[in-house]
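These notes are about the structure you will find just below.
None of the values given here were measured: they were computed from a predicted structure.
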Amino acid sequence: MFHRLRTALTVALLAGTALALTACGEGVVKRVSPPAASVQQLTVGANGTWTLALRLQNFSSMPMTFDSVDLQMQVGDQDAGKVTARPAVSIGGVSADVINVELQPSSAARIVVADALAGNRTLGYSLKGTVSATPQEKKQRSFDIDNRSTLNQAPGLPGVLR
């Protein structure tokens with residue numbers, strides 16, 4: 001009798017566990033998390049313009065289409081200018097991509113970057129503004145970006161900071 005009771009309880013426990021797991025198993029949870037933007041590389045052109053390799057990081061669990069980038073860039077303590085782009089690039093969940101953006105920097109920012117390159121010093125920068133992205137099967141959203149980081153001179157590549 002004890003054996004039958006134990007078997008019945010085990011079956012009931014397994015059935016209950018299976019039912020609970022089935023109720024919870026609606027598939028992968030899709031979460032929208034704020035993206036990030038950072039400068040992967042800054043290249044100083046012969047005409048004084050900068051080419052920024054801007055890294056867009058999607059931390060969401062689903063793909064997002066990055067529609068627009070509107071950021072104010074500072075190098076050192078100087079305003080460099082407005083970084084704007086309309087990349088329309090789709091980035092998979094928990095993934096990243098890089099877009100190139102041209103920037104005509106301010107004179108003060110050019111001096112700060114030239115000084116960092118000449119002295120082989122670290123260059124601090126910040127990006128502040130918004131990135132608009134559309135999560136898969138959802139409406140477009142605007143995300144605030146406030147990022148600070150540093151760049152160092154790339155060995156063997158004159159005029160390049162990474």
Side-chain angles (χ1 to χ4, degrees), residues 17-106 109-110 112-114 116-117 120-162:
T17 302
L19 183 61
L21 288 174
T22 303
C24 294
E26 293 295 322
V28 176
V29 176
K30 294 184 177 183
R31 297 193 197 290
V32 176
S33 300
S38 60
V39 176
Q40 186 166 306
Q41 179 173 298
L42 184 155
T43 304
V44 178
N47 61 357
T49 62
W50 296 350
T51 302
L52 302 176
L54 191 66
R55 180 180 173 86
L56 300 173
Q57 180 78 40
N58 178 9
F59 291 112
S60 297
S61 63
M62 69 183 80
M64 289 203 303
T65 300
F66 284 73
D67 304 307
S68 66
V69 174
D70 292 302
L71 303 169
Q72 182 64 41
M73 182 176 188
Q74 278 194 327
V75 291
D77 58 353
Q78 299 297 318
D79 283 328
K82 193 110 169 125
V83 178
T84 59
R86 305 291 177 256
V89 62
S90 181
I91 301 174
V94 193
S95 191
D97 204 349
V98 177
I99 62 169
N100 288 323
V101 181
E102 296 292 320
L103 176 64
Q104 185 66 47
S106 68
R110 283 186 197 163
V112 170
V113 169
L117 287 167
N120 196 21
R121 284 189 290 281
T122 299
L123 175 70
Y125 76 89
S126 67
L127 295 172
K128 190 171 187 172
T130 60
V131 170
S132 294
T134 306
Q136 185 180 37
E137 301 172 13
K138 303 218 182 243
K139 294 189 305 185
Q140 184 184 58
R141 293 177 57 180
S142 184
F143 299 93
D144 291 331
I145 302 292
D146 190 358
N147 182 28
R148 296 184 188 288
S149 193
T150 59
L151 297 167
N152 295 300
Q153 192 164 4
L157 298 173
V160 176
L161 296 159
R162 290 187 175 156

Straight-line distance of [X] [atom1] to [Y] [atom2], nearest 0.5 Å:
X: Ser126; Y: Gln74; atom1: OG; atom2: CD; result: 4.5 Å
X: Arg55; Y: Gln41; atom1: CZ; atom2: CD; result: 13.0 Å
X: Leu71; Y: Lys128; atom1: CG; atom2: NZ; result: 11.5 Å
X: Leu52; Y: Leu54; atom1: CG; atom2: CG; result: 7.0 Å
X: Leu103; Y: Thr43; atom1: CG; atom2: OG1; result: 12.0 Å
X: Asn100; Y: Gln40; atom1: CG; atom2: CD; result: 9.5 Å

For the backbone of [Y] and the side chain of [X], can you confirm whether one donor and one acceptor N or O come within less than 3.5 Å of each other?
X: Gln72; Y: Gly81; result: yes
X: Ser106; Y: Asp79; result: yes
X: Ser60; Y: Ser33; result: yes

Please find the pair of heavy atoms, one from [X] and one from [Y], that lie closest to each other, and give the distance.
X: Val101; Y: Ala85; result: CG2-CB, 4.0 Å
X: Met64; Y: Pro135; result: CG-CA, 3.6 Å
X: Thr65; Y: Ala88; result: CG2-C, 4.2 Å
X: Pro34; Y: Phe143; result: CA-CD2, 3.7 Å
X: Thr130; Y: Ser142; result: CB-OG, 3.7 Å
X: Ser38; Y: Leu127; result: CA-CD1, 3.9 Å

Listed partners of Asp97 passing salt bridge (Lys or Arg N to Asp or Glu O under 4.0 Å), at least two apart = none
Check salt bridge (Lys or Arg N to Asp or Glu O under 4.0 Å) between Arg141 and all other residues, then give those that pass, not counting sequence neighbours.
-> none
Could you give the side-chain donor-acceptor pairs of residues 146-155 under 3.5 Å, partners two or more places apart or in another chain?
unit_1: Asn147; atom_1: ND2; unit_2: Ala37; atom_2: O; d: 2.9
unit_1: Asn152; atom_1: OD1; unit_2: Thr122; atom_2: OG1; d: 2.7

Is there a side-chain contact between Lys138 and Met62 (heavy atoms, below 4.5 Å)?
-> yes
Less than 4.5 Å apart, any side-chain heavy atom of Trp50 and any of Val113?
->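 Trp50 vs Val113: side chains touch.
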Within 6.0 angstrom of Arg31 CZ, more than 12 heavy atoms from elsewhere = no
